[in-house]
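This report refers to the structure that appears directly beneath it.
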Amino acid sequence: MSHAVDSRPHTAATEIGHWVGGSLQAPAGAMRSDVFNPATGAVTGQVVLASPEVVDQAVRCAAEAFPGWSRMPPIRRARVMFKFLELLNRDRDELARAITREHGKVFSDAQGEVTRGIEIVEFACGIPQLLKGDYTDQVSTGIDNWTMRQPLGVVAGITPFNFPVMVPMWMFPVAIAAGNTFVLKPSPLDPSPALMMARLLQEAGLPDGVFNVVQGDKVAVDALLEHPDVKAVSFVGSTPIAQKIYETGARHGKRVQALGGAKNHMVVMPDADMNQAADALVGAAFGSAGERCMAVSVAVLVGDAADRILPILAEKTRALKVRNGTERDAEMGPIVSQVARERIAGYIAQGEAEGARLLIDGRTFEAAAAGAGCDGGFWLGGTLFDDVKPDMRIYREEIFGPVLGCVRVADMAQALALVNSHEYGNGVCCFTRDGGAAREFARRVEVGMVGINVPIPVPMAWHGFGGWKKSLFGDLHAYGEEGVRFYTKQKSIMQRWPESIGKGADFAMPTAR
């Protein structure tokens with residue numbers, strides 16, 4: 001439904017086009033896809049889908065802008081980032097409103113998303129320090145050796161619907177500050193924030209062509225992956241697509257960073273504060289309607305923790321305020337699309353069929369309860385399962401919706417074995433008062449991002465985001481210093497001067513002398 005192609009004529013006011021070479025484009029005759037307000041189900045616009053020709057034009061503009069931008073001193077590139085940061089802070093609520101309008105998440109959550117994106121820009125403003133190399137005097141007689149990091153060229157980002165501001169800002173601020181030029185392909189479900197950021201970058205003084213946006217679907221993705229002038233691709237999305245992006249990009253000689261899916265566990269030890277743990281579970285499972293790669297979708301309840309926490313958890317789930325995201329008291333908004341809603345409802349039915357005990361069924365949520373005009377929206381309430389087993393689909397697969405499954409285990413050893421045996425390794429957390437248990441858990445768990453009494457352990461801007469196993473394809477995490485390494489290549493230079501060069505050819509392998 002959300003990708004339905006519409007051949008009707010459209011006015012400029014309803015079109016959401018591309019940003020190429022510093023201007024907005026909406027080619028006549030191009031395919032278009034409906035954009036919805038998930039809270040009401042109303043069509044709010046049509047996004048123009050890029051053809052391979054449009055992608056090629058964007059890449060060519062980026063390639064033409066690269067020489068001038070890459071030669072600019074890093075401090076001058078940082079000044080553009082500082083101005084962009086100022087403008088983002090000025091318009092942060094406008095960006096958040098656009099997120100709520102097209103994604104559906106509640107406004108406070110959208111504000112948090114914008115803030116986390118802004119933090120990456122703050123980090124990127126330090127690019128002069130981040131690009132410093134190493135220098136060794138006199139590595140051998142009369143010879144000095146140093147390293148420098150240089151940009152790759154044109155790089156691309158392919159980003160998901162669930163964070164239309166934050167995830168692109170995991171990528172392009174670091175890439176651009178490092179001297180690359182960028183082509184962003186956002187989700188067609190919520191395409192407007194990408195254009196808003198493009199305009200702010202232009203206002204900040206970024207030269208035309210350094211940042212480009214191509215709206216689109218698989219056609220645009222394939223064109224970017226196959227384009228010979230695209231040197232690197234960053235991707236965030238589901239694991240099957242991440243693996244394909246990684247393999248296809250590598251086959252075409254590109255550097256690829258592909259972040260995939262997740263099945264995040266929260267282990268609740270018997271000594272945990274059960275009210276705190278229940279609050280954490282409700283927020284982490286149902287925030288953003290569970291449409292987060294760091295959402296907790298499995299509660300691993302150790303020993304008697306299950307019988308103590310489940311009544312509290314059920315009460316809090318029933319009390320969840322599912323509203324239009326524009327309402328001030330909203331805690332959870334709608335699902336992003338009708339297709340996604342139907343898929344999630346199918347998982348709930350599958351869980352029942354497989355024998356999990358359905359304590360709260362989000363399918364019974366009445367859309368009218370979300371507020372005026374919401375009858376046509378894509379609504380589900382929070383769903384809670386008990387007695388989930390590791391062989392069930394609702395345990396094995398990423399649901400990406402407001403569904404929390406509870407698994408009972410006897411002790412910490414069983415909890416670790418359960419988490420470590422899962423094919424995903426994105427995020428995990430453990431709620432406990434026991435420092436020794438927490439330390440042992442953090443060291444032994446086979447997951448890339450770990451929280452101790454922190455339900456959503458998303459690293460801060462100067463660290464780096466990425467999971468293990470099938471949650472990450474590639475060696476380098478997003479943003480932080482690893483992001484700088486991903487978007488640059490190291491060059492090593494050895495230098496000596498004629499006065500220190502001995503006479504005659506030397507046929508031996510050079511060594512330090």
Side-chain angles (χ1 to χ4, degrees), residues 1-2 36-42 44 96-113 161-164 189-190 264 266 278-299 310-349 351-352 358-386 394 399-406 455-456:
M1 182 173 180
S2 56
F36 293 87
N37 180 333
T40 65
T44 58
R97 281 189 285 272
I99 295 168
T100 296
R101 185 168 57 248
E102 292 184 353
H103 173 277
K105 68 178 64 176
V106 303
F107 183 65
S108 60
D109 189 22
Q111 288 176 308
E113 173 185 342
F161 72 83
N162 57 328
F163 289 102
L189 296 179
D190 40 17
N264 304 312
M266 176 169 152
D279 281 339
L281 279 167
V282 169
F286 304 133
S288 198
E291 294 172 326
R292 294 171 174 160
C293 66
M294 288 296 284
V296 170
S297 54
V298 179
L310 275 167
I312 304 170
L313 191 55
E315 180 183 354
K316 290 180 182 294
T317 302
R318 290 191 186 95
L320 193 65
K321 295 175 182 176
V322 184
R323 306 269 196 280
N324 188 325
T326 59
E327 298 294 329
R328 294 179 66 88
D329 64 342
E331 295 172 336
M332 186 178 105
I335 307 303
V336 72
S337 70
Q338 182 62 20
V339 170
R341 187 204 176 281
E342 291 170 358
R343 175 182 51 78
I344 298 164
Y347 271 107
I348 298 170
E352 275 191 298
L358 185 58
L359 302 181
I360 299 172
D361 187 350
R363 296 170 299 180
T364 64
F365 179 79
E366 296 290 340
C374 291
D375 288 359
F378 316 134
W379 295 96
L380 278 173
T383 294
L384 181 64
F385 278 103
D386 189 15
I394 60 168
I399 298 173
F400 220 66
V403 180
L404 177 62
C406 297
I456 303 180

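The basis for the numbers below is simple: all heavy atoms, side chains too, and nothing from hydrogens, waters or symmetry mates.
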Quick one: does any side-chain atom of Arg343 pair with a main-chain N or O of Ile399 as donor and acceptor, under 3.5 Å? yes
With rounding to the nearest 0.5 Å, note down the distance linking OG1 in Thr317 to CG in Leu281. 8.5 Å
Could you walk me through whether Lys316 and Ile312 pass side-chain contact (heavy atoms from CB on, under 4.5 Å), step by step? CA-CA 6 Å; Lys316 290 180 182 294; Ile312 304 170; 3.6 Å; yes
Judged by atom type as modelled, is there a donor-acceptor pair below 3.5 Å linking the side chain of Asn264 to the main-chain atoms of Ala295? yes
Is there a side-chain contact between Val403 and Ile344 in this structure, where contact means two heavy atoms from C-beta onward sitting under 4.5 Å apart? yes
Using the rule side chain to side chain contact (heavy atoms under 4.5 Å, CB included), only one of Asp386, Leu384, Ile394 pairs with Leu404; which is it? Leu384
Output, in order, the C-alpha distance, side-chain angles, deciding distance and verdict of side-chain contact (heavy atoms from CB on, under 4.5 Å) for Leu380 and Arg363. CA-CA 6 Å; Leu380 278 173; Arg363 296 170 299 180; 4.0 Å; yes
Which heavy-atom pair separates Val322 from Gly381 by the least distance, and what is that distance? CG2-CA, 4.4 Å
Salt bridge check, Asp190 against Lys105: does any charged N sit closer than 4.0 Å to a carboxylate O? no
Out of curiosity, Phe286 CZ to Arg292 CZ, how far, rounded to the nearest 0.5 Å? 12.0 Å
Distance, nearest 0.5 Å, that separates CG of Leu189 from CZ of Phe36: 9.5 Å
Check: Val106 and Thr100 side chains under 4.5 Å, non-hydrogen atoms: no
For the student: nearest non-hydrogen atoms of Cys293 and Asn162, plus distance: N-ND2, 3.9 Å
Pro402 side chain near Ile335 side chain, heavy-atom distance below 4.5 Å: yes
Can you tell me if CD on Glu352 sees more than 12 non-hydrogen neighbours from other groups inside 6.0 Å? yes
If the threshold is 4.0 Å, N to carboxylate O, is there a salt bridge linking Glu102 and Arg97? no
Do Glu291 and Val336 come close enough that some side-chain heavy atom pair is under 4.5 Å? yes
Ala340 versus Ser337, closest heavy-atom pair with distance: N-OG, 3.1 Å
Looking at every non-hydrogen atom in both residues, tell me the closest pair between Gly376 and Phe378 and how far apart they are. O-CE2, 3.9 Å
Atom CZ in Phe385, atom CD1 in Ile348: separation rounded to 0.5 Å? 6.0 Å
Using side-chain heavy atoms (C-beta onward) and a distance below 4.5 Å, is Phe107 in contact with Ile99? no
Check whether Trp379 reaches the backbone of Cys374 with its side chain - one donor and one acceptor, N or O, closer than 3.5 Å. yes
Hey, can you tell me if Phe161 and His103 have their rings parallel, tilted or perpendicular (30° and 60° cut-offs)? parallel
Using atom types as modelled and distance alone, determine if a side-chain donor or acceptor of Ser288 lies under 3.5 Å from a backbone N or O of Gly290. no
Qualifying residue, where the test is side chain to side chain contact (heavy atoms under 4.5 Å, CB included) with Lys321 and the options are Glu327, Glu331, Met332: Glu331
Shortest non-hydrogen contact from Gly104 to Pro334? O-CD, 3.1 Å
Could you tell me which non-hydrogen atom of Gly382 sits nearest to which non-hydrogen atom of Ile360, and how far apart they are? O-CG2, 3.4 Å
Which distance, rounded to the nearest 0.5 Å, do you find between the OG1 of Thr40 and the CG of Asp375? 10.5 Å
